[in-house]
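One structure is given here, and the rest of the page talks about it.
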There are 2 protein chains.
Amino acid sequence: MQKTIRIVIIEDDQILQHAYKQLIEDECGFQVVSCYSSFDAAEKKLVNDDPGIILLDIELPGTNGVQAIPLIKKLVPKAMVIMLTVYEIEEQIFAALANGASGYLTKDVSSAKIIEAIYDARAGGGPMSKKIASIVIKSFQKNTDSPLSKRETEIIKMISEGKKRNEIADELFIELETVKTHIKNIYSKLNVNSRSDALKVVKKNRLI
Amino acid sequence: MQKTIRIVIIEDDQILQHAYKQLIEDECGFQVVSCYSSFDAAEKKLVNDDPGIILLDIELPGTNGVQAIPLIKKLVPKAMVIMLTVYEIEEQIFAALANGASGYLTKDVSSAKIIEAIYDARAGGGPMSKKIASIVIKSFQKNTDSPLSKRETEIIKMISEGKKRNEIADELFIELETVKTHIKNIYSKLNVNSRSDALKVVKKNRLI
DNA sequence: TCTGAAATACCCCTTCCGGGGGTATTTTTC
DNA sequence: GAAAAATACCCCCGGAAGGGGTATTTCAGA
């Protein structure tokens, strides 16, 4: 028999908290072991709850959801954290994922999608609502109209990897002086005069 | 009335090509305007086809799918490219997305999912199959057991941004000498002795 | 409560890197 | 055949980078 999935909900809106619990308990194989209104309230009891999945709101009193993720991971490392939030702020999404969230849903998703996300997460998937998927994909896309030539792009990328001019020269089988010329041209095109400023521009405009 | 979605399929497997065409044409509002077995065959005719969506295989004779994306984007900039491929190779996924693909499906998805992905793409979403979503999310996750302290992580991150030691000192309101000490400790913990090597280790192990 | 890690700061030293001023040739590409 | 890209060389200077030490304070965990 399939092992029951133990679920914990951390959500400060009592109505939503109750709605999620109700929704999930109507599904076979799912068990909402605890609900909390804040991470701080959950902290002491989480280990005992031994959850496989945690539904986590971002806007919480006290420790917010993003901050809570690493703490949760420390307490119950094998638990998968699914963010469930109204906001679609890029920094928040990436911060949550970087901190170890396994999925990210906006609260406008249907009940069925929430259930699906729980199954997904358990199966090692990465459940995301459509808007989030779109934001995530956009974050990968490079700018197509770069002022930099192919070689220049190659070189600024190597600079972003912390490589020195002579290392770049060696790797590209060109002279140090040529690399210097390229870097000068890059700086001139980007209107900067240092590595850090160049990287700032390049990252902001997704040129690499 | 809704504008018809013009679709182009670039897929070298004739059977699959035909299957996709059939599948899509059975759906209302979708129109497969052309099918090609390679990008090279499609190149000249693409502008005339004026597609809104392109289903693109990766393994193609001649120009491969990943290389084809930027060329397609140049010919028909407003077309959304959805990758449709058997492989789930990380580098290929990220390269495709970086090159401008709007979605990425593995060929094991159901017909319904393909149709859904087309609608999604058109609506500005980022259609992905579950496995891809999982890989993408994992790519964001940082390593949780870093040998580096909080401050050290902060500093190596600034180094990754091309910042000089005195810039780091200024930004963190600490002395240059302190920054030097931190960097020494970072190098020692990572067993390296240069910025580029440190960044190599740090990126490989997702420490930032 | 105490121990160790983290964060802070300072000294010494040498090497060679980074950025800016030029100019010029060859190869691509449209 | 003109324009852009890629290549290569000269000059200069300041200070950044990396390695050798040592030492203090703060703070979390056992």
Side-chain angles (χ1 to χ4, degrees), chain A residues 43-44 47 63 67 70-71 74-75 144-202 207-208, chain B residues 43-44 47 63 67 70-71 74-75 144-202 207-208:
Chain A
E43 194 166 16
K44 297 280 166 61
V47 173
T63 311
Q67 297 163 338
L71 305 174
K74 195 165 285 180
L75 293 169
T144 49
D145 50 270
S146 168
L148 303 182
S149 74
K150 197 174 170 185
R151 200 52 145 178
E152 286 161 357
T153 304
E154 206 172 355
I155 288 174
I156 193 68
K157 186 158 195 320
M158 295 173 88
I159 286 182
S160 86
E161 289 158 359
K163 291 184 174 132
K164 300 191 216 311
R165 307 188 293 193
N166 60 11
E167 292 177 310
I168 296 173
D170 286 351
E171 278 189 50
L172 298 181
F173 303 106
I174 55 180
E175 292 302 310
L176 169 61
E177 285 299 331
T178 307
V179 175
K180 285 177 66 176
T181 304
H182 282 307
I183 294 177
K184 280 183 213 174
N185 291 336
I186 291 169
Y187 287 2
S188 146
K189 284 182 181 181
L190 300 183
N191 275 303
V192 297
N193 51 14
S194 74
R195 289 161 111 81
S196 54
D197 286 345
L199 291 181
K200 232 177 276 169
V201 174
V202 149
L207 303 182
I208 51 169
Chain B
E43 193 166 14
K44 298 280 166 58
V47 173
T63 312
Q67 297 163 337
L71 306 173
K74 197 165 282 178
L75 292 170
T144 49
D145 50 89
S146 168
L148 302 182
S149 73
K150 198 174 170 187
R151 199 53 145 179
E152 286 162 357
T153 304
E154 206 173 355
I155 287 175
I156 193 68
K157 185 158 198 318
M158 294 173 89
I159 286 181
S160 86
E161 288 159 359
K163 293 186 173 128
K164 301 192 217 312
R165 306 187 295 192
N166 59 11
E167 292 177 309
I168 295 174
D170 286 352
E171 278 189 51
L172 298 181
F173 303 105
I174 55 180
E175 292 302 309
L176 168 61
E177 285 299 331
T178 308
V179 175
K180 285 177 67 176
T181 304
H182 282 306
I183 293 177
K184 279 183 215 175
N185 292 335
I186 292 170
Y187 287 1
S188 148
K189 285 183 180 179
L190 300 182
N191 275 305
V192 298
N193 52 14
S194 72
R195 289 162 110 79
S196 53
D197 286 344
L199 291 181
K200 233 177 274 168
V201 174
V202 148
L207 303 183
I208 53 169

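So that the names make sense, note that chain A is the first sequence line, chain B the second, and so on, each numbered from 1. Atoms considered below: every heavy atom in the structure, side chains included; atoms not considered: hydrogens, waters and symmetry mates.
At a threshold of 4.0 angstrom between heavy atoms, the contacts of A:Thr181 include nucleobase atoms, whether or not backbone atoms are also involved. Within the nucleic acid shown, B:Lys189 comes within 4.0 Å of sugar-phosphate atoms alone, with no base atom in reach, counting heavy atoms only. Looking at heavy-atom distances under 4.0 Å, A:Glu175 makes contact with sugar-phosphate atoms alone, never a base.
The distance between atom CD of A:Glu177 and atom P of C:dT26, rounded to the nearest whole Å, is 18 Å. Rounded to a whole Å, the NZ atom of B:Lys184 is 14 Å from the P atom of C:dC13. The separation between A:Ile174 atom CD1 and C:dT27 atom P is 16 Å, rounded to whole Å. Distance A:Ile186 CD1 to C:dG20 P: 13 Å, rounded to the nearest Å. Between B:Lys150 atom NZ and C:dA7 atom C1' there is a gap of 12 Å when expressed in whole angstrom units.
Within 6.0 Å of atom NZ in A:Lys157, 12 or fewer heavy atoms from other residues, nucleotides or ligands are found, so the atom counts as exposed in its surroundings.
Between B:Lys200 and A:Glu161 no salt bridge is recorded (no basic side-chain N to carboxylate O distance below 4.0 Å).
The phosphate of C:dC16 (OP1 or OP2) has no side-chain N or O of A:Asn166 nearer than 4.0 angstrom. Between B:Lys164 and C:dG19 there is a side-chain N or O to OP1 or OP2 distance below 4.0 Å.
Here chain B contacts DNA chain D (any atom closer than 4.0 Å to a heavy atom, that is under 4.0 Å), and the contacts span D:dA16 to D:dG21 from 5' to 3'.
Between B:Ser194 and A:His182, it is A:His182 whose nearest contact on DNA chain D lies nearer the 5' terminus. Each of A:Lys163 and B:Glu152 lies near DNA chain C, and the nucleotide nearest B:Glu152 is the one positioned closer to the 5' end. Positionally, the nearest nucleotide of DNA chain C for A:Leu176 lies more toward the 5' end than for the other of A:Leu176 and A:Val192.
Taking all atoms of both residues into account, the shortest heavy-atom contact from B:Ser146 to B:Thr153 is OG-OG1, 4.5 Å. For B:Gly162 against A:Ser196, the heavy-atom pair with the smallest separation is O-CB, 3.4 Å.
In this structure, the side chain of A:Glu167 engages the main chain of A:Lys164 through a donor-acceptor pair within 3.5 Å. For B:Tyr187 (side chain) and B:Asp197 (main-chain N/O), no donor-acceptor pair under 3.5 Å exists by modelled atom type.
The side-chain contact (heavy atoms from CB on, under 4.5 Å) search around A:Ser188 returns none, not counting sequence neighbours.
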